[in-house]
Protein chains: 2
Amino acid sequence: MILMDTNEPEWIYSKLHEQGLKVIRKKLEIADYIVKVHEYVIPVERKTSNDYVASIMDGRLFKQLFELSTNYPFSYIVVVGIISEALMDRGFSRRAFISSLIGSSLKRSPYGCRGQVVTINLETDYDFILFLYFLHRKLMEGDVERLPRINVRKRDRKEALIMMYSCIPGVGVDRARKLVEVFDTPEKLIRAPIYQIMRVEGIGEKLAYKIYRFLHGGVEDEIGGTTTR
Amino acid sequence: MILMDTNEPEWIYSKLHEQGLKVIRKKLEIADYIVKVHEYVIPVERKTSNDYVASIMDGRLFKQLFELSTNYPFSYIVVVGIISEALMDRGFSRRAFISSLIGSSLKRSPYGCRGQVVTINLETDYDFILFLYFLHRKLMEGDVERLPRINVRKRDRKEALIMMYSCIPGVGVDRARKLVEVFDTPEKLIRAPIYQIMRVEGIGEKLAYKIYRFLHGGVEDEIGGTTTR
DNA sequence: CCTAGAAAGATATGA
DNA sequence: TCATATCTTTCTAGG
């Protein structure tokens with residue numbers, strides 16, 4: 001059985017149906033498709049090459065990878081279209097692209113036990129239909145080894161916190177990391193008086209005030225300082 | 001440090017050297033290259049697209065995947081060249097190709113603690129050099145299991161808050177936006193009791209609990225999982 | 001994602 | 001204690 005997000009094009013639905021697959025349209029939270037066979041549940045994210053490149057640029061891809069790999073032991077991202085053309089369209093450098101490929105492959109799981117995400121590049125949507133068809137068939141045939149169970153690491157909480165703290169203006173990843181060491185829950189950070197925030201390495205008086213104001217509201221602060229109005 | 005098989009072309013060696021990488025030529029058993037940084041040992045198999053297609057056909061690819069994944073926790077196969085052209089050259093059908101692609105991605109990974117093999121397709125050998133360069137650099141930087149930097153403009157307070165809230169597991173941009181409407185400072189969110197969080201549109205009981213626990217510490221939660229209480 | 005550069009802040013040093 | 005120089009971090013812009 002294949003679950004298909006309601007946002008996906010109608011004609012793909014028809015085509016899949018033609019192939020004799022049982023498809024159900026539904027609003028999906030995480031991926032665009034979910035292939036369910038026996039005990040296997042494999043999400044598939046379909047992206048046009050253009051969207052793929054764009055999502056690398058704005059960081060959406062990494063969030064999605066994170067979502068997929070923390071929620072499923074195994075999933076696919078299928079890029080449809082010719083990537084190098086999309087790169088040209090967007091004026092995206094090859095260096096940046098290659099680097100982000102490595103970044104995503106390294107980040108998604110390497111030495112831990114998170115789920116893995118396989119990225120596949122196909123040329124046309126027709127290939128994509130084939131892809132789903134074969135994926136379904138292989139699973140039916142049981143031509144798979146048992147999928148691993150994912151165990152979410154404690155680190156995930158910490159990473160989410162780091163991300164959270166680094167949303168505070170003036171706080172980047174480095175300072176966020178140090179903040180997490182001291183304030184391991186948002187509550188602690190909120191309850192901390194300014195002098196305590198100041199004690200964190202890399203955070204001085206001015207910044208501590210700014211952080212405090214951001215958390216508690218206070219006076220609207222000029223972010224970045226130079227506000228030429 | 002990069003180990004490079006003696007069979008690999010001389011000019012790649014020179015190029016890598018130019019990039020300031022320390023390369024040692026050596027007869028390698030398993031892969032063509034091995035990138036060693038800190039505790040990481042990552043083998044890289046370089047294949048021309050022609051050879052890739054051929055190795056799918058005669059089953060060599062499966063053997064190599066097996067070798068890599070049983071000996072190393074993480075490795076790369078880098079296919080250099082345009083695959084669809086290689087398919088034409090060899091008279092290999094798209095169906096067969098896609099089918100075997102799935103076959104190898106399903107087989108290579110799953111089960112137990114076997115390593116995963118990531119396949120990447122690049123167009124030119126120059127890209128391949130870049131690939132090794134960045135792989136080495138990322139490992140040096142320890143940029144391995146780190147989350148991506150969030151690069152959104154923090155131009156105003158509200159945007160920053162939305163980003164911040166959306167770092168909470170289970171909260172995406174949409175929910176974050178609604179949260180900000182109700183809790184316009186992090187302090188208010190922290191001080192809110194669960195029933196108040198629940199009242200926000202799109203947030204149910206379970207999620208409200210999860211959010212609360214994330215903010216206040218509480219029991220370690222499995223992201224996306226059901227929570228026992 | 002990358003690069004590069006500007007701006008702001010933290011820190012060390014010496015008088 | 002306070003200025004000044006230096007290093008680090010964040011943020012912005014453009015590809």
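Throughout, protein chains are lettered first and strands after them, A, B, ... in sequence-line order, and every chain is numbered starting at 1.
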Here the distance between atom C1' of D:dT9 and atom CG of A:Leu179, to the nearest Å, is 13 Å
Ignoring backbone atoms, test whether A:Arg95 places a side-chain nitrogen or oxygen under 4.0 Å from the OP1 or OP2 oxygen of C:dC1. no
Remember a base hit wins even if backbone is also touched, and classify A:Phe97 as base, sugar-phosphate or nothing at under 4.0 Å, heavy atoms. nothing
Determine whether the side chains of A:Lys47 and A:Gln64 contain a donor N or O and an acceptor N or O closer than 3.5 Å. yes
Pair B:Lys15 + B:Asp125: basic N to acidic O under 4.0 Å: no
From the candidates C:dT3, C:dC1, C:dA10, the one with an atom nearest any side-chain atom of A:Arg175 is C:dA10
Which whole-number value in Å describes the distance from B:Phe134 CZ to C:dT3 P? 5 Å
Tell me: CZ of A:Arg90 to P of C:dC2, nearest whole Å? 18 Å
A:Asp127 side chain vs A:Leu122 backbone, donor-acceptor pair below 3.5 Å: no
Expressed as a whole number of angstroms, how long is the span from B:Leu130:CG to C:dT3:C1'? 14 Å
Taking the side chain of A:Met57 as heavy atoms from C-beta outward, which of D:dT9, D:dG15, C:dC2 is closest to it? D:dG15
Mind checking A:Leu207 for me? I need base, sugar-phosphate or nothing, with any heavy atom below 4.0 Å counting as a touch. sugar-phosphate
Closest to the side chain of B:Arg137, out of C:dT3, D:dG15, D:dT9, is C:dT3
What's the OH-C1' distance between B:Tyr133 and C:dC1, to the nearest Å? 14 Å
Whole-Å distance, A:Leu61 CG to C:dC1 C1', equals 10 Å
Tell me: NZ of A:Lys210 to P of C:dA8, nearest whole Å? 9 Å
Taking only the side-chain nitrogens and oxygens of A:Lys206, find out if one of them lies under 4.0 Å from OP1 or OP2 of C:dA7. no
Picking from C:dC2, C:dC1, D:dT9, which would you name as closest to the side chain of A:Ile56? C:dC1
Reckon A:Ile203 touches a base, only the sugar-phosphate, or nothing at all at heavy-atom distances under 4.0 Å? sugar-phosphate
Reckon A:Ser93 has a side-chain N or O less than 4.0 Å from the OP1 or OP2 of C:dC2? no
What is the distance from CD1 of A:Ile211 to P of C:dG9, rounded to the nearest Å? 12 Å
If you check every side-chain atom of A:Pro169, which of D:dC11, C:dA10, C:dT3 has the closest atom? D:dC11
Ring center gap for B:Tyr33 and B:Phe131 short of 6.0 angstrom: no
Identify the residue among A:Val180, A:Leu161, A:Leu179 that makes a side chain to side chain contact (heavy atoms under 4.5 Å, CB included) with A:Leu189. A:Leu179
Ranking C:dT11, C:dC1, D:dT9 by distance to the side chain of A:Glu201, first place goes to C:dT11
